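Shown next, in structure tokens, is the structure this report addresses.
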Amino acid sequence: MPPIPKPDPLGMPIPIGYLFALKVFGFFLHMVFMNLWLAGLPVAIALSRSRPRVSERLFVVMPFAMAFGINAGIVPLLFLQTLYPQFFYPATILQAWFWFLIIPLLLMAYTAVYAAAFGRWRIAASLIAAGLLTWIGFQFSAAMSLTARPERWPALFQIATSAGGVHGLTIYLDREALLRLGLMTGMALGTVGAFLTLLAEIDRKDPRFREEARPLVPILFTLGLGLFGLAGSQYVPMVTDRLPVALQLLAGASMPIACAAAWLYRARPGRATAIALAILQSGVLLSNATARQVVQAAELGAWVDLRQVPVRGEWGSFGMFLAALLIGLGVLGWILRTVWIRLWEAASRG
Amino acid sequence: MEYPVWVVPFLTAPMLIPLVAIPHVIVAQFAVGGGFLLADGVAWAYRHNRRDALDYLRDLARFFVLLTIVFGAITGVGIWWTIGLTSPESTSALIHVFVFGWATEWVVFVLEIVSAFAFYYLWDRLRPREHMAMGWIYAASAWLSLALITGITAFMLTTGRWTPESNFFAAFFNPSFLPQVLIRTGGSLAIAALWIGVHLSFRASEGLRDELVPRISRWAIAGMFLILIGGIGYFAVLPDHARLNVIRAPLLLIMTALNFGATLTALAAFGLGYLRGGRWINPPEAILMLLIGIVAITSGEFLREGARKPYRIERYIFSPGIRVAEAPRLQQDGLIAHSPWLQLYLRETMGLSEEELRDPARLPEPQKVRVGEALYVYHCSACHALDGYNGMRPLIQPWTPEMLADAVRHLHRTNPAMPPWLGNEAEREALIAYLIRLQQGGEP
């Protein structure tokens, strides 16, 4: 039996169903923005000569994507630590220095992204950022694998131990993490495609950008589908027993459907097909985010039954959060509306 | 003690927290104070139709926005990252008490980022009223973020009437919450004003300096009064053990003196700035004052962290990551019996049997010393490196074996910043055997 700590004696703040839903929502939100940098940076580098306007837009949007992606990443981590601290902390402590290193690496990547956005050593800076961010993504993926694999902790501990403590210089990397990164990158290519579609069709003031973007979108989706299919064909058999068939079908079929819609957009470009494509791509991300969280819950469910953990009933602070969320959405709506109107005006003036 | 312990040589793992936290606090306070000062500056510039001031403020805003969003955001996450690695029990407890406080802070932080982007990137495109509103939204959300996080950090020092059965609000509105909010709000205004002083001295015309320095000084002087009021309140609500720590520990005493000295110097400088306008400010003086401000924040944070001992969370979790309520059980059954990772090491790596785990005092000396070493890692290494920070080897060098044994026996009486010994008698003997070996310069 691996040395799994007991659930926190303070109990769950509210029933686990709510926490799980918030975790899925947070992961979905994180995926939207993280996808933009995961595939957006390599695409921007690759297209810097052949499609300079697309490349420029992607470089410029990267700092925003990173700001919101990092911010949204807080949510699933917060609820992961609420639901499964006894799995998450040992998995990260066993590889402590590598986990700690993510912070300075992220800082370097973020700085490089800004340098690229401001046009300074653009290719070199974005290559560095893309490399660092892909590595961070892989390490995240591997840490999540280890979180759900307590049976592998003792062997890793034997390598990592120093006088009973952990020196933290061991890193856990596994095939499953690599496959999940492959799945994510495949979806990310689609997200970048959908994002370009929206830019091309909603802001129609730049016809040359539209000309560059339109034929690119189905290519990105097709490449994404290829990678998604390749990684998925090896990953799915590993988790079939932990994933309900309906969710398997939904998550698996969503990407080919979005890809077909991308080709439809190519044949009939316009605002309606662009919005439809963006909605379908959101479906890809949401179904896969849910599937991933369901698999993780099933894996950890083999070790702990969270339904047995007492619930404290933190309804007061939960209400405070919901109220803040509502007010925040209202303020956010006003800010975005104002930004939209002023940008539109500026674009109209040329 | 259910989690593995990360051993960081020379520094101790928890000392990584201030390495990330202090730069973050400085930047976060820049962001909060800068938000108010920028919003006020922009409102003043629009009211007086001052294009030159708006151009200057745009240049200034670039720094605040980029620094807040890049460095502030990542180091903020970094603190959380680091405490999870170094103090998992405490982090888990904080998350279980404050999860929706953190979630609310996330909402506020989203607003902070979005309004900051709009404020800076649409500088010339927004209408004046919209631009001012964005500035105030940015300032207000940054301050709310500060208040929410302060509730959590203040709880670690003063849990007040909170018990594990009570709710978020009992924990959040703890005795040192208000004093710390006042101190941090004041500190934010002061540190932002000090930075703007540096920026003004390099980048603004003399005329603009003359107008802006008294204006920012007014905010900063108000901030300094908040610090003074908050400081008095803070020392009034400090628990006895924390007050004793400040008096007894030379480093904390030095930090207190530095904190007071730097704060008063900054107050004097702001007074001068208010009275004499932009004339007193030049780059070397402004940089020196900023450094003094950074010293004030750094020493204040160090003081806050150091004063908490022997607790991570007052009266709930001891420094080694053991819940206070579990102490009697551990003292009876032993630390090993309740530490699955320690058991794994002793069983698998050292090959000890169940019986030997129960009574390590009866082991042959070399094995006993090794068990003592492992106990040291789990009980002591959170605060004592072997040779570096708070180094154990130099600390015990002049002691006799009897003194050593006595100190471990009466740990919390020897020094009130120490927790009591949280193992049983046999384990204490093993630890003493290790410490004697350490003192003699030998390795287990």
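We name chains A, B, ... by the order of the sequence lines, and we start the count at 1 in each one. A quick note: this is a predicted structure, and the numbers were derived from the prediction, not measured.
Using modelled atom types, one side-chain atom of B/His96 and one backbone atom of B/Ser92 make a donor-acceptor pair closer than 3.5 Å. Formation of a donor-acceptor pair under 3.5 Å by the A/Thr161 side chain with backbone atoms of A/Gly165 is found in this model. Listed for the A/Glu314 side chain is no donor-acceptor partner under 3.5 Å among the backbone atoms of A/Ile14. A side-chain donor-acceptor contact under 3.5 Å links B/His24 to the backbone of B/Gly72.
Interface summary for chain A: among B/Val107, B/Thr104, B/Ile74, the most heavy-atom pairs under 4.5 angstrom belong to B/Ile74. For chain A, the option among B/Val7, B/Val5, B/Leu342, B/Leu85 with the highest count of heavy-atom pairs below 4.5 Å is B/Leu85. Chain A forms more heavy-atom pairs under 4.5 Å with one residue of B/Ser141, B/Pro88, B/Ala13, B/Ser339 than with any other, namely B/Pro88. Put simply, of B/Val20, B/Leu66, B/Asp124, the one with the most heavy-atom pairs under 4.5 Å next to chain A is B/Leu66. Interface remark: of the candidates A/Pro2, A/Ala67, A/Pro5, A/Pro5 forms the most heavy-atom pairs closer than 4.5 Å to chain B. For the options A/Met12, A/His167, A/Met1, A/Met320, heavy-atom pairs under 4.5 Å to chain B are most numerous at A/Met320. Highest contact tally toward chain B, considering only A/Ile341, A/Leu336, A/Ile102, is held by A/Ile102 [criterion: heavy-atom pairs under 4.5 Å]. Interface summary for chain B: among A/Gly328, A/Pro104, A/Gly168, A/Gly164, the most heavy-atom pairs under 4.5 angstrom belong to A/Gly164. Put simply, of B/Glu89, B/Arg323, B/Gln343, B/Met350, the one with the most heavy-atom pairs under 4.5 Å next to chain A is B/Arg323. Note on A/Phe100, A/Tyr89, A/Phe79: by heavy-atom pairs under 4.5 Å with chain B, the leading option is A/Tyr89. In terms of heavy-atom pairs under 4.5 Å with chain B, the best-connected choice from A/Thr92, A/Leu78, A/Ile74, A/Leu329 is A/Leu78. The candidate from B/Met1, B/Met134, B/Glu105, B/Glu348 with the greatest count of non-hydrogen atom pairs under 4.5 Å with chain A is B/Met134.
In this structure, B/Trp123 has its ring center closer than 6.0 angstrom to the ring center of B/Phe119.
Looking at B/Glu2 and A/Lys6, a side-chain N of the basic residue comes within less than 4.0 Å of a carboxylate O on the acidic one, giving a salt bridge. A salt bridge does not link B/Glu130 to B/Arg127: none of the charged nitrogens lies less than 4.0 Å from a carboxylate oxygen.
A cation-pi contact, defined as under 6.0 Å to the ring centre and within 45° of the axis, links B/Arg62 to A/Phe118.
Contacts of B/Ser166 with chain A are made by backbone atoms alone, with heavy-atom separations under 4.5 Å and no side-chain atom involved. Heavy-atom distances place the side chain of A/Leu22, and not its backbone, under 4.5 Å from chain B. When heavy atoms are compared at a cutoff of 4.5 Å, A/Ile327 does not approach chain B at all. No part of B/Tyr376 comes within reach of chain A, as not one of its non-hydrogen atoms sits under 4.5 angstrom from that chain. Of the atoms belonging to B/Ile137, it is side-chain heavy atoms, and not backbone ones, that fall under 4.5 Å from chain A. Only the side chain of A/Phe68 comes within contact range of chain B, with heavy atoms under 4.5 Å apart. Interface remark: A/Trp97 contributes backbone and side-chain atoms alike to the contact with chain B (heavy atom separation under 4.5 Å). With a 4.5 Å cut-off on non-hydrogen atoms, B/Phe109 touches chain A through its backbone and its side chain both.
Between B/Thr91 atom OG1 and A/Asp8 atom CG the span is 10.5 Å, to the nearest 0.5 Å.
Aromatic ring orientation, B/Phe172 versus B/Phe168: parallel (interplanar angle below 30°, classes split at 30° and 60°). Using bins of under 30°, 30° to 60° and over 60° for the plane-to-plane angle, the ring pair B/Phe117/B/Tyr121 lands in the tilted bin.
A donor atom on one side chain and an acceptor atom on the other are not found under 3.5 Å apart for B/Trp162 and B/Asn174.
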